[in-house]
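Chain letters run A, B, ... following the sequence lines, proteins first and then strands; every chain starts at 1.
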Number of protein chains: 2
Amino acid sequence: MNPPYQNIDSNFTDPNISSPLIISPIFKPLYQQIKTLIMQNLQSNRWKSGELIPSEIELSHYFKVSQGTVRKAIDELATENILVRRQGKGTFVATHHERHAQFRFLRLMPDSGKSQIIDKKIAKFKRLHATAEIASLLGLKLVDSVIYIRRIMIFDNVPTILEEIWLPGTLFETLTHEYLVDYEGPIYGLFETRFGICMIRAVEQVRAFIASTNLAKLLSVKKSSPLLCVDRVSFTYSDRPVEVRRGFYITNHHHYHNKLS
Amino acid sequence: MNPPYQNIDSNFTDPNISSPLIISPIFKPLYQQIKTLIMQNLQSNRWKSGELIPSEIELSHYFKVSQGTVRKAIDELATENILVRRQGKGTFVATHHERHAQFRFLRLMPDSGKSQIIDKKIAKFKRLHATAEIASLLGLKLVDSVIYIRRIMIFDNVPTILEEIWLPGTLFETLTHEYLVDYEGPIYGLFETRFGICMIRAVEQVRAFIASTNLAKLLSVKKSSPLLCVDRVSFTYSDRPVEVRRGFYITNHHHYHNKLS
DNA sequence: AAGTGGTCTAGACCACTTT
DNA sequence: AAGTGGTCTAGACCACTTC
């Protein structure tokens, strides 16, 4: 049986869990259909951040395809940093809890190359109505509620980044100031663990910027110092925007690092 | 025959061309050995930019492995943008001649999103001795000759980038001012076509910068305007550095764009 | 010993391009 | 029709982890 781009007839239901599932896509290679199905299971939080997903063999039985086809789907998701394969153990949903993950999206590196101690200070936490710009970026309406966070990142005891963060209020209903202050580690880890929201990609726009009086005070630099202004929009599955961020970076002893290929 | 990580016994010689070739690596998966072998053929300019490489079947005969193993090697090189597969035609060495390629390494985008007319003006072309810093970055000695280029990039008739470029003199022996002025299209295309040098990756460091009097004049902005200072080192095969570049970007109507994942 | 992902093979057929 | 890459299968064995 080797049909031209048939559709998976999957009413794939994991026998251990009973929850609704999955529509078959149309006329794409099988491995891409399987990729989509796996993504849908991630999106619906059926498989959560850090969890083990079914083995290749199991999935190939569920989907009624060969192991090689499942493998190709997982291979691509692994190179996209959405899944992580571990030989002998299984395939896991990627997480961002580890120290290492601190720098997945943060591109500011010390010129010295040395690692550094990172502190965070929450300067503000508010719920307010979305401005037109934020609403548009987050795909919200003007009346919708937004969480606004302002924080300062301190590298080796030197304030280095001032960051403003906007989040959709409904997605982070239970998020509070205390919650943020108490949490150790990367904030994206918090989003995953407590709110089941996983950022899978982001886009950034970087511009040169002259520090205003107010900004200079907050970052303890002279007025009119040069700063990087870094605007970021982060997306979860299905390209849904779930965070807007603006950072002001001091680049006297750091640089924004980027690999091109 | 399905041995544990044997070595390819390849004395692979393309019957059509007679040139020396190829050392066998040790105890790595076959497909990685093949990846290395292919890279060596690119590095030695046996297969040149834009050219068709042998088909998967041919390569699998040369290397005495299955087509699937060659396929896996090529798959990875294709996702690294080093090779390009074209169904029905074959596999080609990636090029950077097309318009599109103008933006492979240039991350400055107009805020408007519209495409724009790009002009270039060569402001300086000199041969000189490497400074300590440039020599170190390019892996040269202090006595070695370096080409220094200064040019201005003009987007829609507005000067927007001032760029300084340093190249190893010996690699670009025949490069002249006229050569550069006359050449249309991306400079990396010129390097590939005329000098057989292909940049496969680069790293950039971005910092905020205040325009000096001199720089402001060259870019037609006010003194003390904020600029991005973008330092780039580009590498060819085997991680050999072959270009150092410093760009000053005006970000009043443009931004440095970056995708994170 | 059993289960997982990792590598490799051999063969089939599909989709696309060129002759 | 012939040649290329693209998809899919089935099966073997290796390397690693856990029991």
In whole angstrom, what separates [X]'s [atom1] from [N]'s [atom2]?
X       : N      : atom1 : atom2 : answer
A/His61 : C/dG3  : NE2   : P     : 12 Å
B/Lys28 : C/dG6  : NZ    : P     : 17 Å
B/Gln33 : C/dC8  : CD    : C1'   : 12 Å
A/Gln67 : D/dC13 : CD    : P     : 15 Å
A/Gln32 : D/dC8  : CD    : C1'   : 14 Å
B/Asp75 : D/dC8  : CG    : P     : 13 Å
B/Leu52 : C/dT18 : CG    : P     : 12 Å
A/Phe92 : D/dC16 : CZ    : P     : 17 Å

Q) Looking for any heavy atom pair under 4.0 Å, which part of the strands does A/Arg86 touch: base, sugar-phosphate only, or nothing? A) sugar-phosphate
Q.
Under a 3.5 Å cut-off for both contacts, is C/dG11 paired Watson-Crick or G-U wobble with anything, and if yes, with which nucleotide?
A. D/dC8
Q. With both distances kept under 3.5 Å, what pairs with D/dT18, Watson-Crick or G-U wobble?
A. C/dA1
Q) Can you check whether B/Tyr249 and B/His254 have ring centres sitting under 6.0 Å from each other? A) no
Does OP1 or OP2 of [N] have a side-chain N or O of [X] closer than 4.0 Å?
X       : N      : result
B/Thr69 : C/dT7  : no
A/Thr91 : C/dT4  : no
A/Ser66 : D/dA10 : no
A/Lys89 : D/dT18 : yes
B/Lys72 : C/dT7  : yes

(Q) By nearest heavy atom, map A/Val70 and A/Gly88 onto DNA chain D; which one lands nearer the 5' end? (A) A/Val70
Q.
Between A/Thr95 and A/Glu192, do the side chains contain a donor N or O and an acceptor N or O under 3.5 Å apart?
A. no
Q: Answer yes if the side chains of A/Gln67 and A/His61 hold a donor-acceptor pair under 3.5 Å, and no otherwise.
A: no
Q) Quick one: CZ on A/Phe155 to NZ on A/Lys120, what's the gap to the nearest 0.5 Å? A) 9.0 Å
Q. Between the side-chain atoms of B/Arg71 and the base atoms of D/dG6, is any donor-acceptor pair under 3.5 Å?
A. yes
Closest listed nucleotide, where the reference is the side chain of [X] and the choices are [options]:
X       : options              : result
A/Leu30 : D/dT9, C/dT9, D/dG6  : D/dT9
B/Tyr31 : C/dG5, C/dC8, D/dC8  : C/dC8
B/Gln87 : C/dC16, C/dT9, D/dT9 : C/dC16

Q. So does A/Arg240 have more than 12 non-hydrogen atoms from other groups sitting under 6.0 Å from CZ?
A. no
Q. So which of A/Ile34, A/Val65, A/Leu37, A/Val70 actually passes side chain to side chain contact (heavy atoms under 4.5 Å, CB included) with A/Leu59?
A. A/Val70
